[in-house]
Amino acid sequence: MIYIGSDHAGFLLKEKIKIFLKQQNEEVKDFGCFSEESCDYPDIAKAVCLNLKEGQDKAILVCGTGVGMAIVANKFSHVRAVCASEHYSVKFSRLHNNSNVLCIGARVVGEGVALELIDVFLKTNFERGRHEKRVEKIKI
Ligand code: RB5
């Protein structure tokens, strides 16, 4: 299951991402927001992360920069959120950090780059090996 959420700044991009995910036959659950009316990104990030099951689900959070969403998401001990606007960081966040939440800035990247980031986020698997004990050590 892929959980998705945005604030007002990310709403239009979130809607495009949903179409893309459905075209990929992904099951998507949308936690809002549902219009461009102003709302608070922590409310959305919390709702998504409270529902996300580690090892099973992934999530995509969109706000203006992606930063606020990532700050909130990484407060949850079962979340490893990456905020990125280029391919390399997303790829290695999956390979080395087993990231399970991707945060995107709708005011930073366009639709084309955003969909590329999502593609690599979904297709890249955790490398395990030496990275497993490091990821375990993240928990405090
Ligand atoms: C909203 O103006 C903006 O602050 C928000 O979308 C996000 O960028 C916060 O990190």
Side-chain angles (χ1 to χ4, degrees):
M1 172 74 82
I2 300 178
Y3 295 137
I4 192 162
S6 77
D7 70 355
H8 53 287
F11 170 71
L12 292 177
L13 181 57
K14 171 174 70 73
E15 295 306 297
K16 289 174 181 158
I17 292 170
K18 266 163 54 180
I19 294 168
F20 172 75
L21 292 173
K22 284 174 185 168
Q23 282 167 350
Q24 313 280 311
N25 295 315
E26 298 285 358
E27 207 181 340
V28 181
K29 187 163 166 50
D30 187 356
F31 283 82
C33 61
F34 299 105
S35 77
E36 286 185 275
E37 195 180 320
S38 181
C39 66
D40 301 330
Y41 64 84
D43 296 336
I44 305 292
K46 284 181 199 172
V48 166
C49 293
L50 284 169
N51 281 278
L52 182 95
K53 285 171 268 344
E54 190 179 11
Q56 284 182 45
D57 307 315
K58 288 197 178 87
I60 297 165
L61 293 170
V62 190
C63 64
T65 58
V67 174
M69 289 294 197
I71 291 171
V72 178
N74 278 318
K75 299 268 180 213
F76 291 82
S77 62
H78 66 295
V79 168
R80 291 171 300 279
V82 57
C83 176
S85 51
E86 39 67 38
H87 182 280
Y88 185 88
S89 297
V90 176
K91 180 177 173 184
F92 278 86
S93 78
R94 289 289 305 128
L95 287 171
H96 289 187
N97 315 114
N98 199 14
S99 59
N100 53 3
V101 176
L102 172 62
C103 302
I104 298 175
R107 294 172 179 162
V108 181
V109 299
E111 179 187 351
V113 171
L115 300 184
E116 285 284 337
L117 300 178
I118 291 165
D119 198 49
V120 72
F121 178 65
L122 298 180
K123 285 184 179 157
T124 310
N125 291 321
F126 182 39
E127 216 171 71
R128 299 190 179 277
R130 69 187 188 280
H131 301 292
E132 221 147 11
K133 80 170 192 315
R134 295 171 185 166
V135 168
E136 277 305 309
K137 283 185 178 182
I138 293 171
K139 288 196 175 158
I140 46 176

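Note that this is a predicted model, so its numbers are computed, not measured. Order of listing sets the numbers, starting from 1, for every ligand and every atom in it.
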Taking L102 as the starting point, is it possible to reach Y3 by hopping between hydrophobic residues whose side chains are less than 4.5 Å apart? no
With no hydrogens and no angle check, is any side-chain donor or acceptor of [X] less than 3.5 Å from a backbone partner on [Y]?
X	Y	answer
Q24	E26	no
D57	L52	no
R94	S99	yes

Would you check, one step at a time, whether the test side chain to side chain contact (heavy atoms under 4.5 Å, CB included) holds for E15 with D30?
CA-CA 10 Å; E15 295 306 297; D30 187 356; 3.9 Å; yes
Could you pull out every N or O of ligand 1 that sits under 3.5 Å from a protein N or O, with the distance for each pair?
from     : atom 1 : to   : atom 2 : distance (Å)
ligand 1 : 2 (O)  : R107 : NH1    : 3.3
ligand 1 : 6 (O)  : D7   : OD2    : 2.5
ligand 1 : 6 (O)  : G64  : N      : 2.7
ligand 1 : 8 (O)  : G64  : N      : 3.2
ligand 1 : 8 (O)  : T65  : N      : 3.0
ligand 1 : 8 (O)  : T65  : OG1    : 3.2
ligand 1 : 10 (O) : T65  : OG1    : 3.4
ligand 1 : 10 (O) : G68  : N      : 2.9

Between F20 and K16, is there a cation-pi geometry (under 6.0 Å to ring centre, at most 45° from the normal)? no
